[in-house]
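Since the structure is predicted, the reported quantities are computational estimates derived from the model, not experimental observations.
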Amino acid sequence: MSGGGLRIRVIVDSGHGPPRYETPHSAGMDLRAHLPEGIDLAPGERVLVPTGLRLQIPPGYEGQVRPRSGLALKRGLTVLNAPGTIDADYRGEVGVILVNLSAEPQRIEPGERVAQLVVAPVTRVSWEEVDELDASERGGGGFGSTDAGQP
């Protein structure tokens with residue numbers, strides 16, 4: 001299924017083709033493991049899985065490497081630094097840091113879909129140092145403060 005819109009230059013060394021949207025309204029495109037052979041991941045172990053992809057993301061955008069929900073639910077495999085960021089000026093191979101959170105060893109096979117890629121706009125900020133901030137209803141409450149009185 002063809003994308004449209006934003007064009008991103010890609011070098012594909014994997015033989016799996018560039019990432020693609022699987023349905024008309026998919027936000028993410030699957031990233032596949034570019035491995036010479038399967039690898040076993042012990043419980044609690046993490047590994048950098050190569051994808052065989054190098055991207056030229058346009059300035060003003062980033063690539064977000066996110067977990068695949070099916071892998072997380074069915075096998076306990078997730079992206080450790082989710083979402084991982086691919087900056088517009090990065091030209092190296094895209095890698096996926098997978099971790100096995102299950103109690104069983106998990107095997108990752110060549111070509112297996114291991115994560116998804118979402119391309120999103122980036123907002124850059126400029127800081128304005130001040131002596132105080134405007135008041136808000138929430139104030140400084142955080143870490144569960146909005147749960148007060150809730151079961």
Side-chain angles (χ1 to χ4, degrees), residues 1-130 133-134 136 138 142-147:
M1 181 163 301
S2 173
L6 185 69
R7 294 185 64 81
I8 295 179
R9 299 182 73 187
V10 59
I11 295 174
V12 181
D13 293 327
S14 67
H16 300 294
R20 69 179 194 272
Y21 297 103
E22 296 293 331
T23 68
H25 300 290
S26 295
M29 300 165 271
D30 290 332
L31 295 173
R32 296 180 178 272
H34 178 51
L35 301 167
E37 59 188 36
I39 55 173
D40 294 309
L41 200 55
E45 187 178 7
R46 63 187 178 270
V47 66
L48 180 61
V49 179
T51 63
L53 300 172
R54 290 181 283 151
L55 310 176
Q56 184 176 328
I57 298 173
Y61 292 87
E62 67 164 328
Q64 299 174 359
V65 178
R66 300 181 181 185
R68 292 191 66 240
S69 57
L71 275 185
L73 177 63
K74 297 173 186 171
R75 297 177 50 199
L77 293 172
T78 192
V79 176
L80 188 58
N81 62 325
T85 296
I86 305 167
D87 293 310
D89 56 355
Y90 178 67
R91 296 294 185 268
E93 182 177 10
V94 174
V96 176
I97 304 171
L98 279 187
V99 63
N100 179 3
L101 298 178
S102 78
E104 304 293 328
Q106 297 293 325
R107 185 161 181 83
I108 301 165
E109 297 291 349
E112 184 174 350
R113 297 177 300 162
V114 293
Q116 58 182 326
L117 172 67
V118 173
V119 176
V122 171
T123 301
R124 295 194 49 106
V125 303
S126 59
W127 297 103
E128 177 186 355
E129 290 191 51
V130 297
L133 302 175
D134 295 341
S136 73
R138 182 173 179 175
F143 300 101
S145 65
T146 60
D147 295 335

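- In this structure, Tyr90 places its OH atom where more than 12 heavy-atom neighbours from other residues, nucleotides or ligands lie under 6.0 Å away.
- Distance alone, capped at 3.5 Å, places no donor-acceptor pair between the Asp30 side chain and the Arg113 backbone.
- Two residues are said to be in side-chain contact when any heavy atoms from C-beta on lie closer than 4.5 Å; Asp87 and Ile57 fail this criterion.
- For the pair Ile8/Pro58, a side-chain contact is recorded, criterion being any heavy-atom separation below 4.5 Å from C-beta on.
- Residues meeting the salt bridge (Lys or Arg N to Asp or Glu O under 4.0 Å) test with Glu45, sequence neighbours left out: none.
- Note that the CD atom of Gln56 and the CG atom of Asp89 stand 11.0 Å from one another [nearest 0.5 Å].
- Taking the side chain as every heavy atom from C-beta outward, His34 and Arg32 never approach each other to under 4.5 Å.
- Contact of the Arg91 side chain with the Arg54 side chain is not registered, since no non-hydrogen atoms from C-beta on lie closer than 4.5 Å.
- Counting only distance, with no hydrogens or angles, the side chain of Thr51 and the backbone of Val94 share a donor-acceptor pair below 3.5 Å.
- Note: Thr78 OG1 to Leu101 CG = 6.5 Å, rounded to the nearest 0.5 Å.
- Between Pro18 and Val12, the closest heavy-atom pair is N-CG2, 3.9 Å.
- A donor-acceptor pair is defined here as one N or O able to donate and one able to accept, closer than 3.5 Å; no such pair exists between the side chain of Gln116 and the backbone of Arg68.
- Minimum heavy-atom separation, Pro67 to Ala82: CD-CB, 3.7 Å.
- Here the CG-CG distance, from Leu80 to Asn100, works out to 11.5 Å after rounding to the nearest 0.5 Å.
- Within the 4.5 Å cutoff, the side chain of Pro19 has heavy atoms near those of the Leu53 side chain.
- Residues Val122 and Tyr61 come closest through the heavy atom pair CG2-C, 3.6 Å.
- The nearest pair of heavy atoms linking Gly63 to Leu117 is CA-CD1, 3.8 Å.
- We find the CD-CD1 distance between Glu93 and Ile86 to be 11.0 Å, quoted to the nearest 0.5 Å.
- Distance alone, capped at 3.5 Å, places no donor-acceptor pair between the Gln106 side chain and the Asp40 backbone.
- Closest approach of Ala33 to Ile108, counting heavy atoms only: CB-CG2, 4.1 Å.
- Glu62 and Gln64 share a donor-acceptor pair across their side chains, judged by distance under 3.5 Å alone.
- Nearest heavy atom pair, residue Val99 against residue Leu41, reads C-CD2, 4.2 Å.
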Exercise. When you look at Glu112 and Arg75, which way does the salt bridge (Lys or Arg N to Asp or Glu O under 4.0 Å) test go after all the steps?
Worked result: CA-CA 13 Å; Glu112 184 174 350; Arg75 297 177 50 199; 2.4 Å; yes
